[in-house]
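Worksheet: the structure to be examined is printed underneath.
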Amino acid sequence: MFRNALTVDVEDWYHICGVDRIQPIPRNSWRVCRATERILSLLGESGVKATFFVLGSVAKEEPELVKMIAAGGHEIASHGWSHTLIHQLTPDQFRDELARTEEIILAQSGHLPIGFRAPQWSVSERTPWVHEILAERDYCYDSSLSPLPFVGDRRGSRVPFRFVAAGRNMWEIPPLVTPTCFGNLPTGGGWGFRFFPLTLVAHTLERLNAAGNPGVLYLHPRDVDPDGPRLSLPPIKRFAAYGTRNDAVPRVRSLFERFRFTTLKELVANDLLHTDPII
Ligand SMILES: [Zn+2]
């Protein structure tokens with residue numbers, strides 16, 4: 001059976017891009033560890049390995065988190081340090097974010113990350129230096145380009161593709177989307193995964209797999225923590241973050257029963273990615 005990938009962006013309930021937090025978030029309201037434990041127990045009961053894109057600043061504040069994830073045999077990758085949109089960073093600031101996150105992941109898991117995902121798919125033509133910098137630092141793949149309107153590039157590839165940066169072969173691995181006459185729908189994670197019928201997600205996975213391509217789902221710890229706290233947000237952001245808020249666990253469990261999942265590292269290492277872009 002064809003393999004897909006489940007990915008988790010490891011950040012707390014208040015890591016929502018573009019929102020200025022005036023007050024610091026009190027430590028007793030942090031929920032990332034408990035919510036991540038819930039994801040880990042779901043993976044454990046299903047025998048599935050996943051890729052966790054860890055935010056370096058969260059790993060520093062919660063030093064048991066990376067160890068807990070690594071102990072389950074899952075892949076630890078990088079989500080940067082501060083959750084700043086990449087186009088708001090200079091190349092040097094981006095290098096610094098990567099270096100700090102690599103250092104803490106290495107110290108806590110014993111391995112350097114080989115994969116990167118930007119906050120809110122913020123790699124685009126505005127950041128042409130990103131792939132060169134990742135290649136220079138020995139990353140093997142990026143998972144930051146989303147073929148979506150508004151937060152990504154609607155003309156982008158819906159399936160993984162190979163590219164060369166700084167003389168190195170790398171993979172770009174986009175998240176699952178469902179193509180429609182209205183454009184691509186974000187069925188692979190976030191509000192779209194919780195909102196659209198599960199049959200639509202499953203049908204999209206079936207079609208991708210039939211064409212020899214994996215589907216990549218993405219979760220946040222807050223997606224499995226429906227009673228968690230909420231930030232006060234402008235209407236569109238409020239809808240995306242909370243508008244369809246419900247528990248993602250039953251949906252993920254149901255997909256685990258029907259499809260096979262593994263880590264992005266495994267897909268890359270075992271040549272399980274197709275090379276022809278489908279746009
Ligand atoms: Zn994020």
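Numbering starts at 1 and runs along the sequence shown. Counting starts at 1 for both ligands and their atoms, following the listed order.
Between Asp223 and Arg251, none of the side-chain N atoms (NZ, or NE/NH1/NH2) sits under 4.0 Å from a carboxylate O, so this pair counts as no salt bridge. The pair Arg95-Asp92 meets the salt-bridge criterion, with a side-chain N (NZ, NE, NH1 or NH2) lying under 4.0 Å from an Asp/Glu carboxylate O.
The Zn ion (ligand 1) has Glu11 OE1, His79 NE2, His83 NE2 as protein N, O or S atoms under 2.8 Å away.
Side-chain contact between Glu97 and Ile86 is absent, with no heavy atoms from C-beta onward closer than 4.5 Å.
Figure legend: Arg100 and Trp81 shown as a cation-pi pair, the cationic atom lying under 6.0 angstrom from the six-membered ring centre and within 45 degrees of its axis.
Considering only residues two or more places apart in sequence or on other chains, His83 meets the ring-ring contact (aromatic ring centres under 6.0 Å, His included) condition with His15, His79.
Looking only at atom types and distance, the side chain of Ser144 has a donor-acceptor partner in the side chain of Asp142 under 3.5 Å away.
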